[in-house]
Participant: 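This structure is in structure tokens; I'll ask about it shortly.
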Amino acid sequence: MTNRVALNNVDHADIRVIARNAAQYGDSVNQVIIFPTEFEEIQRDYPIFFHRDTNGALQPIALLGLDRDENLFLGEDGWQGRYVPAALQCGPFTIALAERDSGRQEPMIHIDLDNPRVSGSEGLPLFLPHGGNTPYLEHITRVLRAIYAGLDVTEPMFAAFEEAGLIQPISVEIELSDVRKYVLPDLFAINGSALARLDGARLERLHEAGFLALAFLAAASLGNVSRLIDLKNAKLRAEQSVPAGVA
């Protein structure tokens with residue numbers, strides 16, 4: 001259940017939001033939807049894959065862990081990566097279209113008042129004493145704008161990738177030991193070989209649409225699978241070093 005309302009500095013002047021990342025706030029996930037507008041930041045830390053949603057449409061995701069509900073970038077002290085994906089930054093906030101008196105629809109920030117991050121005493125304030133936005137709310141506004149813009153770009157981006165023959169199905173197989181293996185099915189990725197073989201006309205079309213750089217970023221990000229393996233091995237070593245009976 002949610003209790004989403006349009007955010008304003010009168011009704012919500014005293015609201016605070018807990019901005020830290022923790023499992024109790026739903027951040028312990030092994031993958032998260034991402035947006036083309038954040039590919040540059042995402043590819044520095046996380047592998048970018050694609051999967052089909054319930055309607056069959058492709059969606060980009062960042063892989064964060066190997067086991068169910070495992071986020072290898074989430075530690076006791078919060079997020080361990082350099083960049084937190086936008087979907088995990090926005091917390092109780094969403095963006096929705098509201099109709100103005102002119103009849104024109106305009107994106108507005110909404111807040112879920114029942115979200116566990118929302119507090120009356122803990123966390124960061126949203127508004128300054130005289131009604132202006134705090135730096136935290138300004139940051140959230142930028143994050144939501146990136147999501148909103150990314151939603152518009154996603155469908156045409158995938159249409160261009162598929163027209164250029166760049167999407168390939170991929171089964172990610174990871175073997176940590178003789179007894180611990182992972183197979184992550186039903187994923188798609190950029191075909192690096194196909195990207196390298198693109199002719200001039202397709203390269204030009206992708207570049208003019210702004211999608212060529214995104215294809216290269218997604219392809220380059222796949223090297224981060226090795227980082228996930230390193231993080232998983234480090235986690236397993238830490239668990240094995242804990243003496244029996246110690247929580």
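FYI, side chains are in, hydrogens and waters are out, and symmetry mates aren't considered; it's all heavy atoms of this structure. Keep in mind that this is a model prediction, so the values were computed, not measured.
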Participant: Check this for me: D53, atom CG, are more than 12 non-hydrogen atoms of other residues, nucleotides or ligands nearer than 6.0 Å?
Facilitator: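 More than 12 heavy atoms, drawn from other residues, nucleotides or ligands, come within 6.0 Å of this atom.
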Participant: More than 12 heavy atoms of other residues, nucleotides or ligands under 6.0 Å from CG of D230: is that the case?
Facilitator: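 Count over threshold, so yes.
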Participant: Are L63 and L184 side-chain neighbours, meaning at least one heavy-atom pair lies under 4.5 Å?
Facilitator: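 L63 vs L184: side chains touch.
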Participant: Please answer whether the main-chain N or O of A159 pairs with a side-chain N or O of E162 as donor and acceptor at a distance below 3.5 Å.
Facilitator: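 Answer holds: no.
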Participant: Looking at every non-hydrogen atom in both residues, tell me the closest pair between I109 and L144 and how far apart they are.
Facilitator: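 Taking every non-hydrogen atom into account, CG1-CD1, 3.8 Å.
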Participant: Could you tell me whether the side chain of Q43 and the main chain of E40 form a donor-acceptor pair under 3.5 Å?
Facilitator: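 Yes, the answer is positive, given that a donor and an acceptor are paired below the 3.5 Å cut-off.
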Participant: Counting only heavy atoms from other residues, nucleotides and ligands, does the tally under 6.0 Å from CD of E155 exceed 12?
Facilitator: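 Counting neighbours around CD of E155, 12 or fewer heavy atoms of other residues, nucleotides or ligands fall under 6.0 Å, so no.
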Participant: Can you check whether I18's main-chain N or O pairs, donor with acceptor, with R117's side chain at less than 3.5 Å?
Facilitator: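 Yes, R117 side chain to I18 backbone: donor-acceptor pair under 3.5 Å.
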Participant: Which pair of non-hydrogen atoms, one from P60 and one from F50, has the smallest distance, and what is that distance?
Facilitator: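 Closest approach of P60 to F50, heavy atoms only: CA-CD2, 3.8 Å.
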Participant: Salt-bridge test for R227 and D45: reply yes if a basic N is under 4.0 Å from a carboxylate O, no otherwise.
Facilitator: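 A salt bridge links R227 with D45.
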Participant: Under a single-linkage definition using a 4.5 Å side-chain heavy-atom cutoff for Ile, Leu, Val, Met, Phe, Trp and Tyr, are Y25 and L64 assigned to the same hydrophobic cluster?
Facilitator: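 No; tracing contacts between hydrophobic side chains, which count when under 4.5 Å, never links both residues.
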Participant: Against I111, only a single residue in V118, I140, T94 fulfils side chain to side chain contact (heavy atoms under 4.5 Å, CB included); can you say which?
Facilitator: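 Going through the options one by one, the only one that passes is V118.
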Participant: Locate the shortest heavy-atom distance separating L166 from A194; write the atom from each residue and the value.
Facilitator: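 Result for this residue pair: CD2-C, 3.8 Å.
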Participant: Tell me whether L203 shares a hydrophobic cluster with I190, the cluster being built from Ile, Leu, Val, Met, Phe, Trp, Tyr side chains joined at under 4.5 Å.
Facilitator: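 Yes.
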Participant: Taking all heavy atoms of Y136 and all of V17, pick out the closest pair and write down the distance.
Facilitator: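 In terms of heavy atoms, the two residues are closest at OH-CG1, 3.3 Å.
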Participant: Quick one: does any side-chain atom of T134 pair with a main-chain N or O of L128 as donor and acceptor, under 3.5 Å?
Facilitator: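 No, the answer is negative, given that no donor and acceptor are paired below the 3.5 Å cut-off.
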Participant: Take atom CD of E204 as the centre, draw a 6.0 Å sphere, and report whether it contains more than 12 heavy atoms from other residues, nucleotides or ligands.
Facilitator: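 Open.
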Participant: So which atom in N8 and which in V10 form the shortest heavy-atom distance, rounded to 0.1 Å?
Facilitator: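 Heavy-atom minimum between the residues: OD1-N, 3.0 Å.
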Participant: Any chance you could measure D14, atom CG, to N9, atom CG, to the nearest 0.5 Å?
Facilitator: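 Result: 11.0 Å between the selected atoms.
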Participant: Start with the C-alpha distance between Q89 and H139, add both sets of side-chain angles, then the distance that settles side-chain hydrogen bond (donor to acceptor under 3.5 Å, both in side chains), and finish with yes or no.
Facilitator: CA-CA 10 Å; Q89 286 192 59; H139 168 73; 2.7 Å; yes
Participant: Tell me whether the count of non-hydrogen atoms from other residues, nucleotides or ligands lying under 6.0 Å of CD in Q24 goes above 12.
Facilitator: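 Buried by this count: over 12 neighbours within 6.0 Å.
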Participant: Enumerate the ring pair (Phe, Tyr, Trp, His ring centres under 6.0 Å) contacts for residues 194-218, please, sequence neighbours excluded, ordered by first and then second residue.
Facilitator: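 Listed once each, the pairs would be none.
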Participant: Applying side-chain hydrogen bond (donor to acceptor under 3.5 Å, both in side chains) to E175 and Y182, what does each step give before you reach the verdict?
Facilitator: CA-CA 6 Å; E175 184 172 330; Y182 294 91; over 6 Å; no
Participant: Is the CD atom of E163 crowded by more than 12 outside heavy atoms at less than 6.0 Å?
Facilitator: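 Yes, the 6.0 Å shell around CD holds more than 12 heavy atoms from other groups.
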Participant: Distance from T141 atom OG1 to I95 atom CD1, nearest 0.5 Å?
Facilitator: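 Going from OG1 on T141 over to CD1 on I95, the span is 8.0 Å.
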Participant: Would you call R44 and E41 a salt bridge, using N to O less than 4.0 angstrom?
Facilitator: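 So R44 pairs with E41 through a salt bridge.
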Participant: Side-chain contact, heavy-atom cut-off 4.5 Å: L72 with K235?
Facilitator: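 Yes, side chains in contact.
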Participant: Please report the interatomic distance CD1(I167) to CG(N191), rounded to the nearest 0.5 Å.
Facilitator: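 So the CD1 of I167 and the CG of N191 are separated by 9.5 Å.
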Participant: For N21 and G78, indicate whether the former's side chain and the latter's backbone hold a donor-acceptor pair under 3.5 Å.
Facilitator: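 No.
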Participant: Do you know which two heavy atoms are closest between S221 and A218, and how far apart they sit?
Facilitator: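 Heavy-atom minimum between the residues: OG-O, 2.7 Å.
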Participant: With ring pair (Phe, Tyr, Trp, His ring centres under 6.0 Å) as the criterion, how do Y46 and F73 come out once you've worked through the C-alpha distance, each side chain's angles and the decisive distance to 0.1 Å?
Facilitator: CA-CA 10 Å; Y46 319 106; F73 296 89; 4.6 Å; yes
Participant: May I ask you to say whether D67 pairs ionically with K232, meaning some side-chain N is under 4.0 Å from a carboxylate O?
Facilitator: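 A salt bridge links D67 with K232.
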Participant: Determine yes or no for a side-chain-to-main-chain donor-acceptor pair under 3.5 angstrom, with D112 supplying the side chain and N3 the backbone.
Facilitator: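 Yes, D112 side chain to N3 backbone: donor-acceptor pair under 3.5 Å.
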Participant: Measuring from L66:CG to K181:NZ, what's the distance to the nearest 0.5 Å?
Facilitator: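 Nearest 0.5 Å value for the CG-NZ distance: 15.0 Å.
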Participant: Looking at D199 and R202, is any side-chain nitrogen of the basic one under 4.0 Å from a carboxylate oxygen of the acidic one?
Facilitator: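 So R202 pairs with D199 through a salt bridge.
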